[in-house]
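So the structure is just underneath, and the comments pick up after that.
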Amino acid sequence: MTQVELTELTRTELEAALADGGLDRYRAGQIFKWVYRRGVTDFGAMTDLPAGARSALAERFLISTPAISRRDVSEDGTEKFLLALQDGRHVEAVFIPRTPHNTFCVSTQVGCAMGCAFCLTATMGLVRNLTAGEIVGQVCVLAGALDLRDSRFNIVFMGMGEPLHNYDATMGAVRILADEHGFAVHPRRITLSTVGLVPAIERLAGEDVMPHLAISLHAPTDEQRAALVPVNRKYPIAAIIEACRRFPPARRGRITFEYVLLAGVNDSPVDARRLAALVQGLHVKVNLIPLNPAAGIPFERPSDERIDAFGRVLSERGVTVMVRKSRGRDIRAACGQLAVEGLKKSAAQKLADTFG
Ligand code: SAH
């Protein structure tokens with residue numbers, strides 16, 4: 001019998017699998033508690049389960065989590081984890097302390113297919129989707145390594161990948177992370193950041209578990225946006241705004257619009273006025289993200305004055321705006337700086353070190 005990876009299952013799915021194997025459904029909650037709250041992956045140690053159930057579970061299920069290949073600590077306390085998956089592929093996940101809450105930034109894909117012009121992950125292309133268990137597994141590993149299992153934390157799907165391009169696994173992960181018997185992260189503390197895949201946003205609007213939605217807008221006109229975010233040709237700005245308007249307001253709270261500021265490209269006062277007009281009447285907040293530069297990314301970060309001026313135009317027009325502080329830049333853990341083809345480089349680096 002092939003074993004099932006337990007962390008792939010929502011509690012409802014686990015209940016069904018248990019019932020299939022002649023075990024009581026309610027054991028699923030106990031198992032969730034062991035795996036997610038206590039970090040126990042050995043069924044033999046789950047002492048509130050009957051001995052017979054423990055061995056039956058060990059036969060049917062596997063519990064594996066990604067392995068830490070590398071851990072970098074930034075001078076600002078941000079930590080970047082390079083995690084190895086079962087097939088040897090790698091993803092990065094980032095711990096951002098005190099934002100004011102502790103936040104885990106996790107990946108939803110190995111690489112990304114969206115091709116945004118200023119993002120380093122885009123240069124990898126899409127290698128593969130992560131499974132729900134691999135997405136949740138990143139939180140398990142980071143929470144364990146940082147001893148934060150029992151604390152309150154936020155989760156942002158802003159690592160590598162486009163979450164709505166891997167819809168089912170992403171939503172499966174949201175359900176598992178929000179489960180009251182597991183990590184019990186309130187769905188509003190989980191932010192799903194998307195490039196703006198309109199049909200998927202519409203699907204999300206009908207979910208019973210609803211994460212906080214952030215949309216990467218980055219430009220106020222289709223012409224500017226299409227040059228930065230290729231998928232804008234398929235889903236232009238008006239379609240995204242329309243999808244936001246249709247999103248059920250009572251359940252989702254405020255939508256965040258992310259806007260990467262690129263010097264001389266989308267950072268002028270005219271751009272700011274257009275952006276303000278675009279979001280007029282929508283219950284949103286704008287998150288300005290000054291570009292985090294990287295080698296091979298053909299853009300520059302605007303000056304602080306320019307960033308401030310842009311923000312001022314928005315707030316004068318009644319738009320809630322904040323500038324995202326970039327964290328962990330010294331370890332390449334900031335937005336848009338995650339890419340793992342660097343592994344090859346570090347092998348080369350080792351060689352260079354040997355000869356150096
Ligand atoms: N695919 C998702 C998640 C991407 S990462 C999305 O598009 O929303 C989260 C945010 O970081 C996105 O808004 C993304 O556009 C932004 N980002 C990407 N590269 C960046 C860079 N070099 N500097 C600053 N922000 C960047």
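Owing to the predicted nature of the structure, the values given are computational and were not obtained by experimental measurement. Counting starts at 1 for both ligands and their atoms, following the listed order.
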Q.
Determine whether Y36 and H181 satisfy the following criterion, ring pair (Phe, Tyr, Trp, His ring centres under 6.0 Å), listing intermediate values before the conclusion.
A. CA-CA 8 Å; Y36 298 113; H181 293 274; over 10 Å; no
Q | Closest protein heavy atom (residue, atom, distance) for atom 20 (C) of ligand 1 | A | G336 CA, 3.3 Å
Q: Output yes when a side-chain donor or acceptor of E13 lies under 3.5 Å from a complementary backbone atom of T10, and no otherwise.
A: yes
Q) In the protein, what heavy atom is nearest to atom 16 (C) of ligand 1, and what distance, to one decimal place, separates them? A) V260 CG2, 3.9 Å
Q: Could you find the nearest protein heavy atom to atom 2 (C) of ligand 1 and give me its residue, atom name and distance?
A: S193 O, 3.2 Å
Q) Does an N or O from G161, backbone or side chain, lie closer than 3.5 Å to an N or O of ligand 1? A) yes
Q. Taking atom 4 (C) of ligand 1 as the point of reference, which of G159, A294, A214, C335 owns the nearest heavy atom?
A. G159
Q: Please identify which atoms of ligand 1 are closer than 4.0 Å to at least one heavy atom of E258.
A: 9 (C), 10 (C), 12 (C), 13 (O)
Q) Of all residues at least two apart in sequence or in a different chain, which pass the side chain to side chain contact (heavy atoms under 4.5 Å, CB included) check with T131? A) E8, E134
Q) Relative to the heavy atoms of V195, which atoms of ligand 1 are at a distance of less than 4.0 Å? A) 6 (C), 7 (O), 8 (O)
Q | Option from L192, T256, I155 for which side chain to side chain contact (heavy atoms under 4.5 Å, CB included) with H212 holds | A | T256
Q. Should you measure from each heavy atom of S216, which atoms of ligand 1 turn up under 4.0 Å away?
A. 6 (C), 7 (O), 8 (O), 12 (C), 13 (O), 15 (O)
Q.
Tell me which pairs pass salt bridge (charged side-chain N to carboxylate O under 4.0 Å, His left out) where either residue lies in residues 33-50, with sequence neighbours left out.
A. none
Q: Could you check which of E162, M158, H218, H165 puts a non-hydrogen atom nearest to atom 14 (C) of ligand 1?
A: H218
Q. More than 12 heavy atoms of other residues, nucleotides or ligands under 6.0 Å from CD of E300: is that the case?
A. no
(Q) Tell me the protein heavy atom at minimum distance from atom 23 (N) of ligand 1, and give that distance in Å. (A) N292 N, 2.9 Å
Q. Any N or O on R324 sitting closer than 3.5 Å to an N or O of ligand 1?
A. no
(Q) With a heavy-atom distance limit of 4.0 Å, tell me whether I215 approaches ligand 1 through its side chain, its backbone, both, or neither. (A) neither
Q: With side chain to side chain donor-acceptor pair (under 3.5 Å) as the test, would you mind laying out the steps for E258 and H218 before giving the verdict?
A: CA-CA 7 Å; E258 294 159 283; H218 306 325; over 6 Å; no
Q: State if I297 counts as touching ligand 1 under the rule of any non-hydrogen atom under 4.0 Å.
A: no
(Q) Quick check on R89: does its CZ atom have over 12 non-hydrogen neighbours (other residues, nucleotides or ligands) under 6.0 Å away? (A) no
Q) What do you reckon, does F118 have a nitrogen or oxygen under 3.5 Å from a nitrogen or oxygen of ligand 1? A) yes
Q: I would like to know whether D267 and L262 meet side-chain contact (heavy atoms from CB on, under 4.5 Å); could you show each step before the answer?
A: CA-CA 6 Å; D267 66 336; L262 309 169; over 6 Å; no
Q | The single option from F183, F81, F153 passing ring pair (Phe, Tyr, Trp, His ring centres under 6.0 Å) against F104 | A | F153
Q. In terms of atom number and element, which parts of ligand 1 are under 4.0 angstrom from non-hydrogen atoms of C119?
A. 18 (C), 19 (N)
